[in-house]
Each structure stands twice: as structure tokens, then as C-alpha cells.
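Have a look at the structure below, then the notes.
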Amino acid sequence: MSPVATTAKAHSEPSQLINPFYSPSVGDDGDATYPHAQLKPFFPDVTWEPLAELTVEDRGLHADPLKKSLLGAATRVKNLTPVIGTELEGIDLRQLTPQQKDELALLVAERGVVFLRDQNIDIHQQLDLARHFGPLHKHATTPIPKNGLEEVHVVYNDASRRPEPSAFSKLELWHSDVTYEIQPPSTTSLKLLTGPEVGGDTLWSSGYALYSSLSPGFQKYLEGLTALHSAVAQAEGARSAGLTVRRKEIETIHPVVRVHPATGWKSVYVNPGFTRRIVGVPKAESDAILSFLFHQISENPDHQVRFKWETNSIAFWDNRVVTHSATFDFWPATRHALRATPHGERPLSVQEYEEKTGKVAKDRQIEIWRQQGVDVNGLHNGANGLQKKRGYND
């Protein structure tokens, strides 16, 4: 979602500030020569029925664990940080085989977000690829393109709307997409059509790494908790901007720690954008837990990767295990991107995952260290490492 300053009425006097995270931009500079004019934002005045629960099977479950077909076709595979972010070179997304698509799903699940540049895939091809990962989500409040593709989420900012920093904090901008849905998104893609020469980067933060950074006792405590995720503020923001809410807003309870079906790894699953409270604990306790987790998401650079977009860059991220946020440092330049958003499964807690699959859910960092030959029996936990004290060398 693209935070920008809006007003109480979509096209009238700027008398009331609306939180721009929840009120999508209705701006358009009116440039008739813009090459992607039919993909500019449009807000249809229609209503949709509530979403029904869907059958979804993660495609990563069908992938070769070594991902030989996908990685073998790449000319370069570059991990950007130890815990999150991989860039692939030499891959044309239009030419992927079904096997390679499954392996891409697994790679995204493992690395959180995968980047490819110089991709000539158009929006119809992007949607077709996204459908391989699951049925597509239609957003109830944010814009679709003017050409009427309802399954496309448009990210658009130009000179006609300047970001209003007094209306939101940077922490609030961190989110995982539409986590209030019964089946929130899985392998999501965003392609940049137009971007600034400098600025407009996106950051992602790993929920796997956040889980691994916690003490064993706190990990266990969080595994037993659930949290309320709400669409109410987003719907109210759209109405305040004079826009139609196309599907009635909902609130849904999800586990605070969920397990990815393909990796079996545990991930913290809360976000500042949509998570409102921990269920069944005193408010002060809920506030303290969420504040701590939200600050870890937004402030811990060890868990993050930052991507500098170029025209025709595309990112695939797994909304089940990462949160993300954009930088809004590029006004008055134009930034225009298109998102395709497959539904995932209903989030499963650690207990639900283990009962359903008969498998033991794992700590990602411990599993990676095992693969690297580290004696994990000598570790205190996934975050603190060896029990002897040590420092930094920067």
C-alpha cells in the first residue's frame, strides 16, 4: 500500500488529514502521454461478496529441495544477507516451467524475498504466474488499474500528492499484506513500471529471524498466543477519502507464531499495519508484547534487506514470513508498480501444524546451522549462539 497525504473528500479541500497508510492515493497528474496510463489507479464503485475459505496447497511442497531446475538456469544466484533476500540473474519469468515455478515458490519461502531485474513480463503474464501459487486476492479498498483488472493492486504516487509525514510514523508503515483475511497472501509479486532515479526503496524483515532471535522461554510463550488482525482502519480510511469499500471489512484471529507449510519453519506473524491486540491477555501485556515485536521488525537490521528498484525489476516475497515497508523519499517523482497477490492457507500455529502434518516445526536458524555443520548442542538458543560472551568488531 502506498501512503500519501489525502483529504476527507477525494477531490476537494484539504481540510482533514487521514492516515495515509489506510487511505490510498487518488492522485493523478493528468499526464496523457504517460506510457502506462491504462495501468494507473482506478477505484471502481462496486461491491463484492465476503471471501469464502479456499482450498490451497503450497506449491513449494512439490519442489525439488535443491531447486536444481531453477537455480541451474540462473547465471548468478546472490544471497543479499545471511537470513533474507536473494537476487537471481539470467532468468526470464515468462519462460519458467511448472517445475521451476514450484522451485521459485520454495526459494521465496526459504529466503523471504527474491529479486529479479530486467523482466519484460507484462501484467497478464504476471497474473498467470501468480495463479500458479494460489487463487488471487482482490483488494477491497486499494486501486485496481484503469483497464479493469480486479486482481491487480496498483501502487502509484506522482507529483500531485505529497507524502504527509505528520500523519504516520515509519513504524506504522511496516506490514504484511491484508493479514486480516482468513487466508492471507502467500507468494506475492510486485513489478516496477516507473520509478525515481533515487529513492523509493522497499525493505523486508524476516519473521523467521525474529523468532530465532528470541529466548527459548519467550518463543514458547508466543507459540501459545493468538492476535487480532483488523481491516477496520483500512476500510474507514477509504471511506474518509470518499471511496467505495468493495467488500465488508473483517477482523480475524491468527496465531502469533505460524509455521510455513513448505519449510516447516516457525515465523513471528504480527505486523504494525494490521495487528491490533493479543487475545486473552491484559491490555498492558498485549501492548508491551506487540510494541517489542513491532520495534524488532522495524529496527533490527540483522533481519532486514533493502532493495533498490529499477524499471522492470520484480520482487517475489512470502507474506507469511516477512513484513515490508517502502521509503517515501522520492516526491515529486513518479513511482508506479503492480502487485499480484495469491491467497495462502489459513495460518497454522505450531501445535496445529504438528498435529496436522505429524512433523516437528523447526527454528530456521538452528536448521541452517545444522546444515553448515555447526554443533547446535553447544548453543544456548538460535539467537544468542555460543554461551561465551563476545562482541562486535566494527
Side-chain angles (χ1 to χ4, degrees), residues 1-2 56 58-60 63 67 70 77-88 91 93 96 101-117 119 121 126-127 129-134 136-137 139 142 152-153 155 173-179 181 183-192 195 200-211 258 260-263 265 267-274 297-298 303-310 312-327 337-345 347 364:
M1 212 161 21
S2 299
V56 177
D58 192 270
R59 295 307 309 179
K67 301 171 286 293
L70 177 70
V77 180
K78 181 180 180 181
N79 289 340
L80 303 183
T81 83
V83 301
I84 182 172
T86 296
E87 187 164 347
L88 297 180
I91 298 289
L93 290 171
L96 292 184
K101 294 175 184 177
D102 290 347
E103 292 175 8
L104 176 61
L106 181 57
L107 181 64
V108 175
E110 292 174 346
R111 296 295 302 164
V113 56
V114 172
F115 307 107
L116 301 96
R117 300 186 186 274
Q119 296 295 314
I121 187 171
Q126 184 181 347
L127 289 173
L129 176 55
R131 290 188 188 99
H132 183 81
F133 306 126
L136 296 188
H137 178 260
H139 204 295
T142 57
V152 177
H153 169 98
V155 174
L173 301 183
W174 284 92
H175 64 286
S176 176
D177 295 323
V178 298
T179 57
E181 301 289 19
Q183 293 175 259
S186 59
T187 314
T188 302
S189 62
L190 183 73
K191 181 186 174 183
L192 189 80
D201 299 353
T202 303
L203 296 89
W204 284 263
S205 182
S206 170
Y208 292 144
L210 175 50
Y211 176 88
R258 70 181 297 177
H260 194 287
T263 65
W265 296 337
S267 177
V268 172
Y269 191 64
V270 297
N271 69 92
F274 301 116
I297 287 169
S298 65
H303 302 169
Q304 297 175 358
V305 66
R306 179 169 179 154
F307 185 61
K308 162 63 180 170
W309 295 92
E310 299 171 346
N312 289 334
S313 295
I314 189 167
F316 290 84
W317 69 94
D318 198 315
N319 263 299
R320 295 167 291 192
V321 298
V322 298
T323 50
H324 60 279
S325 181
T327 60
L338 303 178
R339 191 180 87 199
T341 315
H343 284 276
E345 73 287 350
R364 175 199 175 275

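- No donor-acceptor distance shorter than 3.5 angstrom exists from the side chain of Glu345 to the backbone of Ser186, with no hydrogens or angles considered.
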- CA sep, side-chain torsions, deciding dist, call: Leu93, Phe316, side chain to side chain contact (heavy atoms under 4.5 Å, CB included): CA-CA 11 Å; Leu93 290 171; Phe316 290 84; 3.6 Å; yes
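- The shortest non-hydrogen separation linking His153 to Thr142 is ND1-OG1, 2.8 Å.
- The heavy-atom pair separating Arg111 from Thr81 by the smallest distance is NH2-O, 2.6 Å.
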- Item | side chain to side chain contact (heavy atoms under 4.5 Å, CB included) evaluation trace for Ile84 with His303 | CA-CA 7 Å; Ile84 182 172; His303 302 169; over 6 Å; no
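- Annotation for Ala262 and Leu106: closest pair CB-CD1, 4.1 Å, computed over non-hydrogen atoms.
- When each of Ile121, Leu338, Leu136, Thr341 is checked for a side-chain contact (heavy atoms from CB on, under 4.5 Å) with Leu127, only Leu136 meets the rule.
- A donor-acceptor distance shorter than 3.5 angstrom exists from the side chain of Ser176 to the backbone of Asn319, with no hydrogens or angles considered.
- The aromatic ring centroids of Phe115 and Trp204 lie less than 6.0 Å from each other.
- Here Leu192 contributes atom CG and Gln119 contributes atom CD; the two are 13.0 Å apart, rounded to the nearest 0.5 Å.
- Looking only at side-chain heavy atoms (C-beta outward), Val77 and Leu88 come within less than 4.5 Å of each other.
- Ser267 is not listed as a side-chain neighbour of Tyr211, based on a closest heavy-atom distance of 4.5 Å or more.
- Across every non-hydrogen atom of Ser205 and Ile297, the tightest pair is OG-O, 3.1 Å.
- Under 3.5 Å, the side chains of Asp201 and Thr327 contain no donor-acceptor pair of N or O atoms.
- One distance of note links CG of Asp318 with CG of Asp58; it measures 7.0 Å at 0.5 Å rounding.
- The side-chain heavy atoms of Thr179 and Tyr269, taken from C-beta on, include a pair separated by under 4.5 Å.
- Between Phe307 and Ser313, the closest side-chain pair of non-hydrogen atoms falls below 4.5 Å.
- Under the side-chain hydrogen bond (donor to acceptor under 3.5 Å, both in side chains) rule, His137 has a single partner from Glu181, Arg339, His343, which is Glu181.
- Remark: side-chain polar atoms of Glu310 are not paired, donor with acceptor, to backbone N or O of Arg117 under 3.5 angstrom.
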- Would Leu190 and Trp309 satisfy side chain to side chain contact (heavy atoms under 4.5 Å, CB included), going step by step from the backbone distance to the final call? CA-CA 11 Å; Leu190 183 73; Trp309 295 92; 3.8 Å; yes
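- When all heavy atoms of Val178 and His139 are compared, the pair lying nearest together is CG1-NE2, 3.4 Å.
- Residues Asp177 and Thr188 bring no donor and acceptor atom of their side chains to less than 3.5 Å of each other.
- Using a distance-only test at 3.5 Å, with no hydrogens or angles considered, no donor-acceptor pair links the side chain of Gln126 to the main chain of Ile314.
- Side chains of Ser298 and Ser325 form no contact here, defined as non-hydrogen atoms less than 4.5 Å apart.
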- Carefully, step by step, assess Thr187 and His132 under the rule side chain to side chain contact (heavy atoms under 4.5 Å, CB included). CA-CA 10 Å; Thr187 314; His132 183 81; over 6 Å; no
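- Lys308 NZ: more than 12 foreign heavy atoms inside a 6.0 Å radius.
- Annotation for Ala326 and Leu173: closest pair O-CD1, 4.3 Å, computed over non-hydrogen atoms.
- With contacts defined as side-chain heavy-atom distances shorter than 4.5 Å, the pair Glu110/Tyr208 does not qualify.
- Side-chain N or O atoms of Gln183 include one that pairs as donor or acceptor with a backbone N or O of Gly344 at under 3.5 Å.
- The main-chain N or O of His175 is found under 3.5 Å from a side-chain atom of His324 such that the two form a donor-acceptor pair.
- In this structure, Pro184 and Arg320 have side chains that are not in contact, with every pair of non-hydrogen atoms separated by 4.5 Å or more.
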